[in-house]
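Take a look at the structure below.
Counting from 1, the numbers follow the sequence of the chain as shown.
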Amino acid sequence: MLGFLLEILGLALCSYVAILLLADLYLILVHLSRSKAELAREAELGQVGRGAEPKICVKLPIFNEGRSVAPAIDALCQLDWPRDKLEIMVLDDSTDDTSAIVAERVAHWRAAGLQISVLRRSHREEFKAGALAAAVDQTDARFFAIFDVDYRPAPSFLRLTMAALLADPKAAFVQARLDFRNRDRNLLTRAQAIELDTFFAYEQAARNWAGVPMTFNGTCGVWRREAIEQAGGWSGRSLVEDQDLSFRAFAAGWRCRNLVSVSAAGELPESFGVLAVQRTRWGAGTAQAFNDLSWRLLHHLRWHQAVIFALLAQFYAAISLLLGAIFVVAAVTLLVDARRGLCILLAFLAVAVLLVVLKTSGAALATSVQGRRVGICFLRDIVGMWVMELALLPVVGLALVKGYLKHRLVFDRTPKSGR
């Protein structure tokens, strides 16, 4: 009897994972059918013309990142935008010598005629979200561009992204594609790069093209102030403040625009230890955000968009735990009833193959849409990606558990080398 019950549980969990993966099949079909037309539509947006620029406040939240902050400030100060319409705000929560570096670069660019300031808090309450929230009342700008310290936007960044935002008055934000300067540093960075390319150039793109809500990625995007205020503002209730605000904005009736053809390059973790810190924050934050998800946003979607969004939300909030649970159930069942345990293992293998095939197909589409070759190097990096995913499985699974249990967690910024 116990073996039978375990078999039912194991097969049910495998079936649940297979159902969640239907969302990826849908996104693949969307990408195949719409990528050419959507990329052409992006090209037609062009740039914001001279004399038509609204005021923008560019925000750079930092915490003890002295190796990266000077080039970050320099890059933001070289954005192509009228100086009387461009305000740069460094949100410095640092407790080390980073603040001295910030003061020197701010003084340099202020002497050059730029509107640049530093906002320092006496505490680090609500971490990055708290800093962004505190900065809102320090400017009258109606648009906010946000960058993490390791990203270096091209001078044309604002002209390209703002063209998309101004073209749609109901767009809460425009998200550019994240790229990486050190993608070829080692096997680990190549594995991460293809994994994140898959997310940004395949999944995020297809979600946006299909009208399925996607998240702001925390950097390299421009927000409309009105959308932030209607959504309730930045909140530190989860470690993924970007995802939390995105979904609250969608629940208030806003939408967004993702640009595959506009990118900015950042930095990937170059060691597994640093990567584990990053993925622990992402995993715990995903669980926290799922607990507080504004499901009201489904009211603004068509039925198929709502179904796909729900499947994707559950996938990211549970996949590591589900795969771990299936493996444990299969192992226990093998001890109780070898035949039933083997049945679960075969179902698990089928689900794992489906997962690998669908995500690898998404990676191929992402690689192609970025103009890169799908060849031997792609296959090498895909193998590395799946090895990395396997190694991260317990890390992310534990982080999800912590997030669901609502442990008080510290926002640990991913250490950057500054290269």
Mind running side chain to side chain contact (heavy atoms under 4.5 Å, CB included) on Trp295 and Phe247 for me, showing each step along the way? CA-CA 8 Å; Trp295 291 103; Phe247 292 155; over 6 Å; no
Pairs involving residues 197-222, ordered by first then second residue, that meet salt bridge (charged side-chain N to carboxylate O under 4.0 Å, His left out) (sequence neighbours left out): Arg183-Asp197, Asp197-Arg372, Glu203-Arg207, Glu203-Lys359
Specify whether Tyr202 and His31 have parallel, tilted or perpendicular ring planes, treating 30° as the upper limit for parallel and 60° as the lower limit for perpendicular. tilted
Does Thr286 use its side chain to pair, donor to acceptor, with the backbone of Trp282 at less than 3.5 Å? yes
Does any N or O in the side chain of Asn208 come within less than 3.5 Å of the main-chain N or O of Cys256, such that one atom is a donor and the other an acceptor? yes
Look at the side chain of Arg257 and the backbone N and O of Gln175, then say whether any donor-acceptor pair between them is shorter than 3.5 Å. no
Between Ser35 and Trp209, do the side chains contain an N or O donor and an N or O acceptor separated by less than 3.5 Å? no
Using the benzene-type ring in the case of Trp, are the ring centres of Phe157 and Tyr151 under 6.0 Å apart? no
Of all residues at least two apart in sequence or in a different chain, which pass the salt bridge (Lys or Arg N to Asp or Glu O under 4.0 Å) check with Asp242? none
If you define the side chain from C-beta out and look only at heavy atoms, does anything of Val356 sit under 4.5 Å from Val353? no
Name all residues meeting the salt bridge (Lys or Arg N to Asp or Glu O under 4.0 Å) criterion together with Arg120; count only those two or more places apart in sequence or in a different chain, and write none if there are none. Asp92
Rounded to the nearest 0.5 Å, the OG atom of Ser261 sits from the CG atom of Leu160 at a distance of 7.5 Å
Counting only heavy atoms not in Lys36, do more than 12 sit closer than 6.0 Å to its NZ atom? no
Sidechain-backbone polar pair: Glu389 side chain, Val387 backbone, donor-acceptor under 3.5 Å: no
Any side-chain to backbone donor/acceptor pair from Gln305 onto Leu301? Under 3.5 Å, distance only. no
Between CD1 on residue Ile56 and CZ on residue Phe144, distance to nearest 0.5 Å: 11.0 Å
Close side-chain approach of Thr360 to Trp386, heavy-atom, < 4.5 Å: yes
Counting only heavy atoms from other residues, nucleotides and ligands, does the tally under 6.0 Å from CZ of Arg380 exceed 12? yes
Qualifying ring-ring contact (aromatic ring centres under 6.0 Å, His included) pairs, either residue in residues 165-188, two or more places apart: Phe173-Phe216, Phe173-Trp223
Salt bridge (Lys or Arg N to Asp or Glu O under 4.0 Å) partners of Arg159, counting only residues at least two apart: Glu53, Asp80
Quick check against the 3.5 Å criterion: does Asn217 have a side-chain atom that pairs as donor or acceptor with the backbone of Thr219? no
Donor-acceptor contact below 3.5 Å, side chain Gln370 vs main chain Ala366: yes
Sorted by chain and number, sequence neighbours left out, side chain to side chain donor-acceptor pair (under 3.5 Å) with Thr189 holds for Asn186
Can you tell me how far apart CD (Glu87) and OG (Ser117) are? Round to the nearest 0.5 Å. 5.5 Å
To the nearest 0.5 Å, what is the distance between CG (Asp93) and NE2 (His123)? 8.0 Å
Heavy-atom side-chain contact between Leu166 and Phe143 under 4.5 Å: yes
What distance separates Asp150 CG from Leu178 CG, expressed to the nearest 0.5 Å? 9.5 Å
Set of side chain to side chain donor-acceptor pair (under 3.5 Å) partners for Gln78, sequence neighbours left out: none
For Glu38 and Arg41: C-alpha separation, side-chain torsions, deciding distance, then whether salt bridge (charged side-chain N to carboxylate O under 4.0 Å, His left out) applies. CA-CA 5 Å; Glu38 291 292 343; Arg41 185 174 164 220; 3.3 Å; yes
For Asp74, the salt bridge (Lys or Arg N to Asp or Glu O under 4.0 Å) test, sequence neighbours excluded, returns Arg105
Any ring-ring contact (aromatic ring centres under 6.0 Å, His included) pairs touching residues 250-272, not counting sequence neighbours? none
Close side-chain approach of Asn258 to Met214, heavy-atom, < 4.5 Å: yes
Student check: side-chain heavy atoms of Leu345 and Leu349 closer than 4.5 Å: no
Whether Asn182 side chain and Leu268 backbone form a donor-acceptor pair below 3.5 Å: yes
Stepwise side chain to side chain contact (heavy atoms under 4.5 Å, CB included) check, Leu25 with Leu21: CA-CA 7 Å; Leu25 180 60; Leu21 289 173; over 6 Å; no
Just so I know, are the side chains of Thr161 and Leu165 near enough to count as touching, which here means a heavy-atom distance under 4.5 Å? no
I want to check something: taking the side chain as every heavy atom from C-beta on, are Arg224 and Asp168 in contact at a cut-off of under 4.5 Å? no
Heavy-atom check, side chain of Phe127 versus side chain of Glu241, under 4.5 Å: no
Run Leu91 and Ile62 through side chain to side chain contact (heavy atoms under 4.5 Å, CB included) and show every step you take. CA-CA 6 Å; Leu91 314 181; Ile62 59 171; over 6 Å; no
Ala206 backbone acceptor or donor facing Arg34 side chain under 3.5 Å: no
Just to verify, what does Arg296 make a side chain to side chain donor-acceptor pair (under 3.5 Å) with, not counting sequence neighbours? none
Would Val149 and Phe63 count as a side chain to side chain contact (heavy atoms under 4.5 Å, CB included) here? Give the steps. CA-CA 9 Å; Val149 73; Phe63 176 71; over 6 Å; no
Spacing of Leu392 atom CG and Met388 atom CE [to the nearest 0.5 Å]: 5.5 Å
Under a 3.5 Å distance rule, please check whether Arg225 uses its side chain to pair with a backbone N or O of Arg142 as donor and acceptor. no
Test side chain to side chain donor-acceptor pair (under 3.5 Å) on Tyr404 and Gln288 and set out the steps. CA-CA 6 Å; Tyr404 282 123; Gln288 291 173 327; over 6 Å; no
Residues which pass ring pair (Phe, Tyr, Trp, His ring centres under 6.0 Å) with Phe200, listed by chain and number, not counting sequence neighbours: none
Should we say atom CZ of Phe327 is surrounded by more than 12 heavy atoms from elsewhere, each under 6.0 Å from it? no
Which residues satisfy the side chain to side chain donor-acceptor pair (under 3.5 Å) test with Lys85, sequence neighbours excluded? none
Evaluate the salt bridge (charged side-chain N to carboxylate O under 4.0 Å, His left out) criterion for residues Arg279 and Glu195: first the C-alpha distance (whole Å), next the side-chain angles of each, then the deciding distance (0.1 Å), finally the verdict. CA-CA 13 Å; Arg279 298 308 171 90; Glu195 176 205 33; 2.7 Å; yes
Do you know which two heavy atoms are closest between Val17 and Ile326, and how far apart they sit? CG2-CD1, 4.1 Å
